[in-house]
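What follows is a short report on a single structure.
The basis for the numbers below is simple: all heavy atoms, side chains too, and nothing from hydrogens, waters or symmetry mates. Position 1 is the first residue of the sequence, and the numbers go up from there.
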Amino acid sequence: GREKVVRGFWDGGRDWKVRFLPDETGTWSWKTECSDNGNSGLHAKTGTFECKPNPSPEPIFQKGAVGHEPGKYYFTHNDGTPFFWLACTAWNGALKSTDEEWEHYLNQRKKNHYNVIQLVTTEWRGCDKNAEGLTAIEGAGYIHINPDFFRRIDRRIDEANAKGLVVSPVILWALPFGQGRHLSPGYTLPLEEAVLLAKYIVARYQGNQVVWTLGGDGKYYDDQEPKWREIGRRVFNDIDHAPVTLHPHGSSWVGELYAQEKWYNMMSYQSSHSNGEKVVNWINKGPMAQMWSKLKPMPYLNTEPNYEEIHFTITDKDVRNASYWSLFATPVAGITYGANGVWPWLAEGERILNHGDKAGVTGWRRSIEFPGSIQMGYLAGFFNQLAWWDLFPANELLVSQPGEKTFNHWISVLKSPDDQTIVVYIPEKAEVELFNPKKLDYTAQWFDPVTNKYQKAQIQTKDNRLKFTHNFGNDMLVVLKRKEK
């Protein structure tokens with residue numbers, strides 16, 4: 001007796017299609033409604049189809065699509081299984097890749113435990129046309145859709161899903177400043193045309209395994225807030241849809257503005273690309289850390305921390321620091337990786353469009369083998385061995401915080417509500433002391449995020465405190481688990 005509402009889309013010529021992702025096996029019936037009631041080919045058509053179990057062993061087919069259950073700070077499959085988000089940023093991947101390149105990329109990401117691909121679905125400031133020289137639309141005040149452009153995107157998203165990877169498509173890139181901004185539909189299109197293009201893209205990919213990114217790199221506050229609220233409401237509020245977020249520009253926060261919107265299901269933020277004090281403090285002490293407990297529960301995700309090799313200064317250590325700090329600043333949900341040669345899909349020797357970058361950026365094929373790229377797979381494996389969905393920020397357990405004196409020595413703590421599990425991220429050598437008011441006994445293990453190896457940790461318990469020493473050559477994590485009686 002359940003009903004779902006989705007939109008159809010024009011696919012060129014006289015062809016109109018509807019794509020739908022059933023969430024239950026069995027017989028489904030359908031009926032069409034067309035704004036032109038006199039169109040006998042589109043209006044009041046009816047039929048049925050049979051949904052059968054998918055033979056693929058991939059979790060998105062066996063456990064169900066990824067969604068957000070109200071009241072939770074993380075994504076789950078339809079059957080309730082928690083989904084730890086580990087995304088890779090390939091903004092131009094679907095626009096520029098060859099069949100061989102996309103296959104190689106997806107296989108390597110899957111092998112290294114990535115389960116989400118972030119990509120752009122139209123031309124934008126980082127890619128003025130696709131590999132065939134096509135653009136998604138023509139015009140601005142009155143737009144014309146190019147279905148041939150989108151057929152390439154169709155194939156790339158289908159191929160990612162077939163390998164068990166969720167796709168997070170950016171619908172309207174929106175950065176309102178910087179070189180090439182005139183190429184981005186979220187910046188150039190008037191409200192009506194932006195809504196129409198967004199509705200078209202959602203209709204085209206609503207049958208896929210997706211998490212929507214309505215706007216990319218945008219300014220969604222001040223004078224732009226009414227526009228983006230209206231787009232979100234008109235695109236999503238009258239249909240059934242996958243989770244939706246906005247990808248804000250660097251170090252901007254939109255939490256209080258959108259948390260109560262019906263269509264908004266994921267709090268995405270971008271910490272920006274720096275290992276300096278301002279950005280590090282924004283991650284550890286900024287609005288995400290301060291506001292997550294005050295707003296509607298949803299996944300909090302840094303979907304653009306440091307890109308590896310950006311500015312030729314960001315290393316794997318900087319990638320790890322930003323990623324772990326982000327994960328520990330809010331309830332655990334996941335993280336996104338990026339490399340400065342992967343997101344633009346650079347061939348060796350190619351330059352990034354409209355970003356003022358110097359020559360010498362490593363191409364995408366070698367960049368996905370960077371140390372930080374591999375270590376993010378270790379990160380996912382580490383958390384997936386824990387009941388990570390039950391871990392919450394707990395820096396109040398620290399007796400002292402070295403990060404208050406030296407910003408990049410910030411120690412982060414997570415714990416379960418029952419204190420059965422405590423996880424500590426320690427970026428530099430340090431003597432660490434935790435309050436232990438319940439006088440619990442714990443076993444302890446070190447985890448090395450560089451080598452993906454564990455070893456036993458020695459802890460001292462005295463005066464309701466736990467003490468241990470980090471004396472390693474790189475950042476480390478310690479996992480404390482209460483001893484069984």
Side-chain angles (χ1 to χ4, degrees), residues 87 89 91 126 175-179 216-219 221 247-255 267-292 300-330 335-344 352 354-358 360-362 367 370-373 375-376 379 393 395 398 400-413 424-430 449-450 470 472-477:
T89 308
W91 298 137
L175 191 69
F177 34 76
Q179 190 178 7
D217 220 5
K219 175 187 175 185
Y221 52 91
H247 179 66
H249 72 76
S251 297
S252 64
W253 171 250
V254 298
M267 193 63 71
S268 174
Y269 63 94
Q270 175 190 169
S271 59
S272 199
H273 307 285
S274 170
N275 54 13
E277 184 171 2
K278 182 179 179 181
V279 168
V280 171
N281 284 342
W282 193 78
I283 295 173
N284 289 318
K285 299 189 285 186
M288 302 76 60
Q290 295 174 17
M291 295 302 300
W292 69 263
Y300 283 71
L301 285 154
N302 190 346
T303 51
E304 194 172 328
N306 285 325
Y307 283 160
E308 198 161 3
E309 200 190 44
I310 197 170
H311 312 311
F312 301 104
T313 59
I314 297 299
T315 67
D316 59 309
K317 180 179 186 296
D318 300 314
V319 170
R320 292 194 310 276
N321 285 168
S323 298
Y324 281 101
W325 280 329
S326 298
L327 278 159
F328 280 66
T330 63
I335 197 69
T336 294
Y337 170 80
N340 208 38
V342 177
W343 73 258
I352 303 174
N354 290 322
H355 281 69
D357 283 9
K358 299 177 181 178
V361 177
T362 305
S367 294
F370 277 168
S373 172
Q375 291 157 12
M376 290 302 98
L379 176 153
N395 279 10
L398 283 168
S400 63
Q401 173 58 269
E404 295 292 359
K405 293 182 178 179
T406 307
F407 72 93
N408 56 4
H409 287 219
W410 186 271
I411 296 175
S412 299
V413 184
V424 187
Y425 177 65
I426 314 165
E428 302 289 344
K429 294 179 180 180
V450 176
H470 168 13
F472 299 89
N474 54 263
D475 50 322
M476 295 287 286
L477 295 101

Item checked: Worked check of side chain to side chain contact (heavy atoms under 4.5 Å, CB included) between Ile314 and Val319 -> CA-CA 7 Å; Ile314 297 299; Val319 170; 4.2 Å; yes
Checklist line | Stepwise side chain to side chain contact (heavy atoms under 4.5 Å, CB included) test for Asp217 and Gln270 | finding: CA-CA 8 Å; Asp217 220 5; Gln270 175 190 169; 2.9 Å; yes
Item checked: Candidate pair Leu301 and Ser268, rule side chain to side chain contact (heavy atoms under 4.5 Å, CB included), full reasoning -> CA-CA 5 Å; Leu301 285 154; Ser268 174; 5.5 Å; no
Note to self: Between Trp91 and Thr89, is the side chain to side chain contact (heavy atoms under 4.5 Å, CB included) condition met? List the steps.
What the structure shows: CA-CA 6 Å; Trp91 298 137; Thr89 308; 3.2 Å; yes
Next item on the list: List the steps, then state whether salt bridge (charged side-chain N to carboxylate O under 4.0 Å, His left out) holds for Glu308 with Lys317.
Entry: CA-CA 9 Å; Glu308 198 161 3; Lys317 180 179 186 296; over 6 Å; no
Note to self: Apply side-chain hydrogen bond (donor to acceptor under 3.5 Å, both in side chains) to residues Glu428 and His470 and explain how you reach the verdict.
What the structure shows: CA-CA 8 Å; Glu428 302 289 344; His470 168 13; over 6 Å; no
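Across all non-hydrogen atoms, the minimal contact from Lys429 to Phe472 is CE-O, 3.1 Å. Between Ala339 and Ser367, the shortest heavy-atom contact is CB-CB, 4.1 Å. The two residues Gly250 and Ser272 come nearest to each other via the heavy atoms CA-CB, 4.1 Å. Across all their heavy atoms, Tyr337 and Gly372 have their closest contact at CE1-C, 3.8 Å.
A 4.5 Å side-chain heavy-atom check between Trp325 and Ser271 finds every atom pair outside the cut-off. Residues Ser412 and Val424 are not in side-chain contact: their nearest non-hydrogen atoms beyond the backbone lie 4.5 Å or more apart. Contact check for Asn302 versus Ser323: no side-chain heavy atoms found under the 4.5 Å cut-off. Side-chain contact between Asn340 and Ile352 is present, with at least one heavy-atom pair separated by less than 4.5 Å. Between Pro371 and Thr315, the closest side-chain pair of non-hydrogen atoms is not below 4.5 Å. Residues Ile411 and Pro402 meet the side-chain proximity criterion, which asks for heavy atoms closer than 4.5 Å. Trp253 is listed as a side-chain neighbour of Met288, based on a closest heavy-atom distance under 4.5 Å. Taking 4.5 Å as the limit, every side-chain heavy atom of Phe370 sits out of range of all side-chain heavy atoms of Asp316.
Outside the 6.0 Å centre-distance limit, the rings of Phe407 and His409 are not counted as a close aromatic pair. Residues His249 and Tyr221 place their aromatic rings such that the two centres sit under 6.0 Å apart.
In this model, a donor atom of one side chain and an acceptor atom of the other lie less than 3.5 Å apart for His247 and Glu304.
For the atom pair Leu398 CG and Glu404 CD, the distance stands at 10.5 Å (nearest 0.5 Å). The OG atom of Ser326 sits 3.5 Å away from atom OH of Tyr269, with the distance rounded to the nearest 0.5 Å. A distance of 13.0 Å separates OG1 in Thr330 from CD in Gln290, rounded to the nearest 0.5 Å. The CZ atom of Arg320 sits 4.5 Å away from atom CD of Gln375, with the distance rounded to the nearest 0.5 Å. To the nearest 0.5 Å, atom CG of residue Asn281 and atom OG of residue Ser251 are 11.0 Å apart. We find the CG-OH distance between Asn321 and Tyr324 to be 10.5 Å, quoted to the nearest 0.5 Å.
A donor-acceptor distance shorter than 3.5 angstrom exists from the side chain of Asn306 to the backbone of Asp318, with no hydrogens or angles considered.
Aromatic ring orientation, Phe328 versus Tyr425: tilted (interplanar angle from 30° to 60°).
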